[in-house]
Protein chains: 2
Amino acid sequence: MLPQSPSRRNYERSSGLFDRACAVIPGGIYGHAAPALVAPQASPYYAKRAQGCRYWDVDGNEFIDFLCGYGLVVLGYQHPEVEEAADRQRRDGDCFNHPGPVMVDLAEKMVDMIDFADWAVFGKNGSDMTTWAIQVAREHTRRKKILMIEGAYHGIGAWCTPGTGGLIEEDREHVHSFRWNDMDSFDELLNRFATDAAGVIITPYHHPLFYDCEFPNNGFLQSIQKKCRQHGIVLILDDIRAGFRLHLGGSHRYFDFEPDMACYSKAMGNGYGISATVGRAELRRAASRVFLTGGFWNGAVAMAAAHATLRILERDGVPQRLHDVGQTLCAGLTARAESHGLQIRISGPPALPFITFANESNLHRSQHFASETVNRGVFFHPHHNWFLCAAHGPSEIDQTLDVASEAFASVKKTFGD
Amino acid sequence: MLPQSPSRRNYERSSGLFDRACAVIPGGIYGHAAPALVAPQASPYYAKRAQGCRYWDVDGNEFIDFLCGYGLVVLGYQHPEVEEAADRQRRDGDCFNHPGPVMVDLAEKMVDMIDFADWAVFGKNGSDMTTWAIQVAREHTRRKKILMIEGAYHGIGAWCTPGTGGLIEEDREHVHSFRWNDMDSFDELLNRFATDAAGVIITPYHHPLFYDCEFPNNGFLQSIQKKCRQHGIVLILDDIRAGFRLHLGGSHRYFDFEPDMACYSKAMGNGYGISATVGRAELRRAASRVFLTGGFWNGAVAMAAAHATLRILERDGVPQRLHDVGQTLCAGLTARAESHGLQIRISGPPALPFITFANESNLHRSQHFASETVNRGVFFHPHHNWFLCAAHGPSEIDQTLDVASEAFASVKKTFGD
């Protein structure tokens with residue numbers, strides 16, 4: 001017998017706030033958290049507080065969180081050691097006329113952890129770093145062309161934003177796309193631009209918006225690396241989404257290749273705003289010639305939090321833990337789906353799984369499924385990869401799988417397969 | 001008799017950290033805090049802690065601070081009410097899957113304070129906002145051209161950065177400059193681009209790098225406003241440096257004109273990382289069409305700090321206070337300089353004064369002067385405008401003027417005039 005749908009959760013305060021927001025903010029909530037991009041009316045719009053792997057919305061609804069601030073949180077919300085490190089710095093201060101000593105500690109830590117890295121710089125946001133990195137590639141090579149993967153997300157720089165508003169054709173005149181795992185399409189660009197290409201920017205695996213993730217085919221990244229070296233093109237790894245979740249040395253170690261520069265952000269501060277780029281020695285001079293600054297970028301609190309986070313990630317072997325918990329979750333979901341006669345498709349690494357239903361391409365089942373789990377206290381995003389964190393334990397996974405089972409039953413009942 | 005130079009302050013730990021930094025960070029410290037841009041060897045490189053209007057460097061040297069984190073701090077470092085508001089939010093959390101209710105409160109507050117504002121959005125950094133604003137202007141007008149003032153600083157976007165590395169000519173193909181207070185040079189651009197111009201971006205007064213500030217001539221800003229309206233061009237005010245320091249309603253009120261959009265950052269968070277753009281109702285649709293997001297941009301702690309800061313700025317009438325204290329400082333400096341037979345030139349508003357020596361253009365006296373005050377515990381930047389904050393009281397100004405007098409004596413002794 002199918003479980004009965006529980007009565008819908010109450011999002012009255014979320015709705016009230018959203019109405020107020022719509023009066024004074026274009027769209028009410030913009031960007032990645034915009035309700036239209038999540039599951040309108042089926043999930044909260046405003047969060048009240050968070051702890052470990054759980055959060056509470058403004059209506060008092062509790063959720064086990066599998067989005068973790070879109071990946072900003074890797075150890076769990078309010079991790080005591082990270083908060084203690086941040087508090088210690090905060091008692092002294094955050095943004096001064098000069099950086100704090102922790103900037104040096106953090107740069108040393110990153111150069112130490114990341115094998116090819118000779119230097120590091122810091123920003124506040126992923127987009128800050130990817131946009132700066134392509135400029136460094138242009139400065140180093142004195143060339144213009146940037147090659148990127150079709151459909152990859154590298155932030156909101158005009159050269160790469162997935163948005164369409166406000167752009168002019170000159171923004172992308174020298175940005176050209178090739179297809180993931182399609183070496184022919186890369187070679188085609190290389191034939192046209194071998195001597196004009198400044199940089200290739202690539203994610204460690206393909207995680208496009210709304211579509212299944214794709215791992216690199218054997219040799220794909222290695223061939224790109226080899227051809228970049230051969231033609232003097234700077235290979236930039238955008239490791240903002242997966243960095244330090246798959247491998248403590250950066251995701252290129254997980255996939256066994258070596259970029260010339262790499263950009264990080266999400267996991268490194270456990271919720272404190274920071275981003276970083278590291279690079280090879282050859283690029284140091286160019287890096288020092290591309291102006292990079294921001295009022296708050298030397299903020300010592302986020303750097304102290306990042307330094308603590310990186311130490312804990314290492315000490316506790318967090319990537320392995322995320323992998324193991326993610327595998328348990330994914331295997332459990334597959335089994336529960338099958339028990340209801342449903343086929344799900346899981347792509348991406350277990351620590352950041354992306355889940356769709358095998359026999360559909362329009363995401364309707366995904367939206368229904370997520371809306372049903374959210375209604376039962378498990379926050380799954382319907383069409384963005386999820387994020388595991390170190391605070392997800394066996395009991396949360398058990399609870400999650402029970403909820404997922406009920407949600408699969410509802411999908412089966414609604415869609416038939 | 002001239003006062004004797006005190007023995008130079010010890011910056012041993014700063015130097016040691018800087019040496020370590022140079023090994024792992026291109027240039028050691030980059031951006032606006034780079035030692036080469038301040039006063040190399042004559043001031044500290046790393047800060048340890050700050051409180052009120054004072055900070056201590058890593059060698060234990062104490063300074064009365066007239067830079068205030070390059071203007072990020074307006075009420076004084078570690079202002080108890082701002083910290084309490086931030087702490088209260090932090091106990092709940094900062095970056096979630098959704099914004100916190102404080103985002104709505106803050107947007108309402110800004111729309112309430114700023115007369116022409118119908119909506120607000122938030123970022124983390126000034127550059128985020130100026131770059132987004134020109135895109136909104138392009139989206140709204142479906143035109144390409146951006147007109148800006150020669151030598152104005154609007155951040156590190158490729159279209160405007162003062163840096164030269166990593167740029168390609170397409171970055172600025174549609175960005176054209178006119179001269180401050182030179183209506184002819186504006187009209188010239190207007191003649192060429194009246195129907196191609198998407199936006200004019202302007203600061204409320206001219207505060208170029210390394211040069212004296214210039215107030216608008218009578219009618220300059222008003223004429224630009226009028227002609228923008230006439231030709232359907234979006235007038236963007238970059239109020240990042242001066243915003244809320246001159247007038248609680250934004251600096252356009254201080255200079256009596258009205259833009260279509262305005263960008264703020266520095267003062268609004270009293271050191272917490274936040275920036276904002278507000279705009280007129282007509283631009284709301286375009287604003288909602290230019291993708292704007294960042295991992296940490298919905299962070300509730302900085303928004304709570306900003307909401308508290310804006311309330312305190314209003315309650316305590318801080319702009320008037322900054323003006324008064326700034327005037328006391330500037331008048332005192334002029335008198336002390338004269339008493340040593342020196343002429344100084346003060347430009348910009350008293351709350352953000354820029355000071356040079358009347359009979360030089362190479363800043364050598366400024367550098368010497370700042371280096372002498374820094375050595376005596378008063379942090380003046382040699383060639384960036386200073387920032388007053390609400391924590392600067394009469395006793396700090398007295399102490400500062402005594403130090404300045406000794407530094408003027410040293411300038412006189414070294415340069416003769």
Side-chain angles (χ1 to χ4, degrees), chain A residues 17 20-21 24-27 29-33 44-47 49-50 55 58 67 69 72 77 92-101 104 107-108 111 119 124-126 135-136 138-139 144 156 161 163 165-166 168 170 173 266 271 273 284 287-296 298, chain B residues 17 20-21 24-27 29-33 44-47 49-50 55 58 67 69 72 77 92-101 104 107-108 111 119 124-125 135-136 138-139 144 156 161 163 165-166 168 170 173 265-266 271 273 284 287-296 298:
Chain A
L17 281 162
R20 277 173 55 201
V24 290
I25 298 171
I29 299 171
Y30 45 80
H32 60 281
Y45 298 157
Y46 292 91
R49 69 187 178 91
Y55 80 97
V58 288
L67 194 56
L72 304 182
Y77 290 100
D92 282 344
D94 184 11
C95 292
F96 310 105
N97 298 333
H98 324 283
V104 187
E108 287 177 344
V111 166
W119 52 262
K124 276 283 153 197
N125 201 42
Q135 292 177 325
V136 172
R138 284 174 169 164
E139 176 67 17
K144 286 184 175 183
I156 61 162
T161 176
I168 58 174
E170 286 80 0
E173 193 169 330
K266 293 189 183 252
R284 179 188 276 262
S288 72
R289 294 163 64 101
V290 180
F291 194 55
L292 175 71
T293 202
F296 306 95
N298 288 334
Chain B
L17 280 163
R20 277 172 55 201
V24 290
I25 298 172
I29 299 172
Y30 47 79
H32 60 280
Y45 299 157
Y46 292 91
R49 68 186 177 92
Y55 80 96
V58 289
L67 194 55
L72 304 182
Y77 291 100
D92 283 342
D94 185 10
C95 292
F96 310 105
N97 298 332
H98 324 283
V104 186
E108 287 177 342
V111 166
W119 52 261
K124 276 284 153 197
N125 200 42
Q135 291 177 325
V136 171
R138 284 174 169 165
E139 176 67 16
K144 286 183 176 182
I156 61 162
T161 176
I168 58 175
E170 285 80 2
E173 192 169 331
S265 177
K266 292 188 183 255
R284 180 188 275 262
S288 72
R289 293 162 65 101
V290 180
F291 196 55
L292 174 71
T293 203
F296 306 95
N298 289 334

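The figures that follow rest on heavy atoms only: side chains count, while hydrogens, waters and symmetry mates do not. First the proteins, then the strands, lettered A, B, ... as listed; each starts at 1.
- By the 4.5 Å heavy-atom criterion applied to side chains, B:Phe291 and A:Ile156 are counted as neighbours.
- Here CG of A:Asn298 is found 6.5 Å from OG1 of A:Thr293. Values are rounded to the nearest 0.5 Å.
- For A:Val136, no part lies near chain B; criterion is any non-hydrogen pair under 4.5 Å.
- Using a 4.5 Å cut-off between heavy atoms, B:Ile25 contacts chain A through both its backbone and its side chain.
- The most heavy-atom pairs under 4.5 Å with chain B, out of A:Gly126, A:Pro101, A:Gly163, come from A:Pro101.
- Most heavy-atom pairs under 4.5 Å with chain A, from the set B:Gly294, B:Gly165, B:Gly271: that is B:Gly165.
- Among B:Ser265, B:Gly27, B:Ala50, the residue making the largest number of heavy-atom pairs under 4.5 Å with chain A is B:Ala50.
- Salt-bridge check for B:Glu173 with B:Lys144: failed, with every basic side-chain N at 4.0 Å or more from each acidic carboxylate O.
- Atom CZ of B:Phe96 and atom OH of A:Tyr77 lie 7.5 Å apart (nearest 0.5 Å).
- In this structure, the side chain of B:Tyr45 does not engage the main chain of B:Ala33 through any donor-acceptor pair within 3.5 Å.
- Put simply, the side chain of A:Glu139 gets close to the backbone of B:Gly166: a donor and an acceptor are under 3.5 Å apart.
- The contact between B:Tyr55 and chain A is made entirely by side chain atoms (from C-beta outward), counting heavy-atom distances below 4.5 Å.
- Counting heavy-atom pairs under 4.5 Å between each of B:Gly273, B:Ala107, B:Ser288 and chain A puts B:Gly273 at the top.
- The contact between B:Tyr30 and chain A is made by backbone and side chain atoms together, counting heavy-atom distances below 4.5 Å.
- With respect to chain B, the highest number of heavy-atom pairs below 4.5 Å among A:Cys95, A:Ala287, A:Gly93, A:Ala47 belongs to A:Ala47.
- Listed options B:Val111, B:Thr161, B:Leu72 were ranked by heavy-atom pairs under 4.5 angstrom with chain A; first place goes to B:Leu72.
- With respect to chain A, the highest number of heavy-atom pairs below 4.5 Å among B:Asn125, B:Asp94, B:Val290 belongs to B:Asn125.
- Contacts between A:Leu17 and chain B at a heavy-atom distance below 4.5 Å involve backbone atoms as well as side-chain atoms.
- Atom-to-atom distance recorded for A:His98:NE2 and B:His32:NE2 is 10.5 Å, nearest 0.5 angstrom.
- Counting heavy-atom pairs closer than 4.5 Å to chain A, the top-ranked of the candidates B:Lys124, B:Lys266, B:Glu108 is B:Glu108.
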